[in-house]
Amino acid sequence: YTARGGGIFNGTGSSFSMTNGVVSHNIARGGGGGVYCEAPTSFSMTNVSISSNESESKGGGLRIRTSGNVEAALTGCTIDHNHSTATGSNRASEGGGIYMQEGHLRMENCIITYNQSAFAGAGFYAHDGVTCAKNCTITHNSAFTEHERMYGGGICLHNPSVYTMEDGTITNNHSYQDGGGIYVFQGATFNVKGNVTINENFRTRKSAEPTDTPNNAYTAGTAVINIV
């Protein structure tokens, strides 16, 4: 149980690389229940399971911030059963699986599944930055408590983040408010490229709607979804 990076803390100016292995059952108060990546010179994880971690703030599995031209890289990783939870008056618990704070992130052949967020972006939440995801699966994530900010079961993109999805699947995610699959804030951009499947995502308001309502993607204001 630590302030940041319950399992791994990769601090400013450091370099980190991990191939194979497991990061699990860690807890952090200030973000990155499993892994906290903070402005490194390089960061990569390959074939790593990041599972069953918890953050009382942002990023139950991972919290990532890079600077300059540094690109964090996740390849063949599974991010599952992580939680970002609210405590007391804390309403900043986004990104059950991954919280992308700013900078650059590349994901390839990753699975983000069965993560939960107390507020938004249960699978993946981007506050800022550029994310490129190739052949990734985002499924069975849940942003669900009876609260007005519960949106983006699979992905939630905040202004001015950019997310490019090349191939891959977003399916069977749930949120209490809109954006069961994807919620794109005004000013954010979601790009779709190649063979992409986005289906069977739902909004689940049990008090107002007795059954799940299909809700694959929701855009707010000037948010943009591009087919490229």
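Excluded from the calculations below are hydrogen atoms, water molecules and symmetry mates; all remaining heavy atoms, backbone and side chain alike, are included. In this chain, residues are counted from 1 in sequence order.
Among the candidates T169, T171, N172, the single residue satisfying the side chain to side chain donor-acceptor pair (under 3.5 Å) test with N199 is T171. For the side-chain contact (heavy atoms from CB on, under 4.5 Å) test with T46, the passing option among T75, L74, N20 is T75; the others fail.
Side-chain N or O atoms of T113 include one that pairs as donor or acceptor with a backbone N or O of T139 at under 3.5 Å. For N216 (side chain) and N201 (main-chain N/O), a donor-acceptor pair under 3.5 Å exists by modelled atom type. In this structure, the side chain of N226 does not engage the main chain of T189 through any donor-acceptor pair within 3.5 Å. Without hydrogens or angle criteria, R63 side chain to G95 main chain gives no donor-acceptor distance under 3.5 Å. Checking side-chain atoms of N173 against main-chain N and O of N141 turns up a donor-acceptor pair under 3.5 Å. Under a 3.5 Å cut-off, the side chain of N53 and the backbone N or O of H25 do form a donor-acceptor pair. Looking at N215, its side chain does come within 3.5 Å of a backbone N or O of G179 through a donor-acceptor pair. Not a single donor-acceptor pair under 3.5 Å links the side chain of D167 to the backbone N or O of G194.
A donor-acceptor contact closer than 3.5 angstrom is absent between the side chains of S24 and S52.
For residues 58-86, the set of pairs meeting the ring pair (Phe, Tyr, Trp, His ring centres under 6.0 Å) definition, not counting sequence neighbours, comprises H81-Y114.
Distance CG/N10 to CE/M45: 9.5 Å, rounded to 0.5 Å.
Here the side chains of Y151 and C156 are in contact, with some heavy-atom distance below 4.5 Å. Looking only at side-chain heavy atoms (C-beta outward), R203 and Y176 stay at 4.5 Å or farther from each other. No side-chain heavy atom of F16 sits under 4.5 Å from any side-chain heavy atom of V35. Proximity of S49 to D80: side-chain heavy atoms (C-beta onward) are separated by under 4.5 Å at one or more points. Two residues are said to be in side-chain contact when any heavy atoms from C-beta on lie closer than 4.5 Å; L105 and T66 fail this criterion. At least one side-chain heavy atom of F124 sits under 4.5 Å from a side-chain heavy atom of M107.
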Before you tell me yes or no, could you show the steps for C132 and E71 under side-chain contact (heavy atoms from CB on, under 4.5 Å), namely the whole-Å CA-CA distance, both residues' side-chain angles and the distance that decides it to 0.1 Å? CA-CA 10 Å; C132 296; E71 179 182 71; 5.6 Å; no
Output, in order, the C-alpha distance, side-chain angles, deciding distance and verdict of side-chain contact (heavy atoms from CB on, under 4.5 Å) for E200 and F202. CA-CA 7 Å; E200 299 296 324; F202 298 93; 3.5 Å; yes
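Taking S15 as the reference, T41, S42 meet the side-chain contact (heavy atoms from CB on, under 4.5 Å) condition, with sequence neighbours excluded. Looking at residues two or more places apart in sequence or on another chain, you find a ring-ring contact (aromatic ring centres under 6.0 Å, His included) between Y36 and F9.
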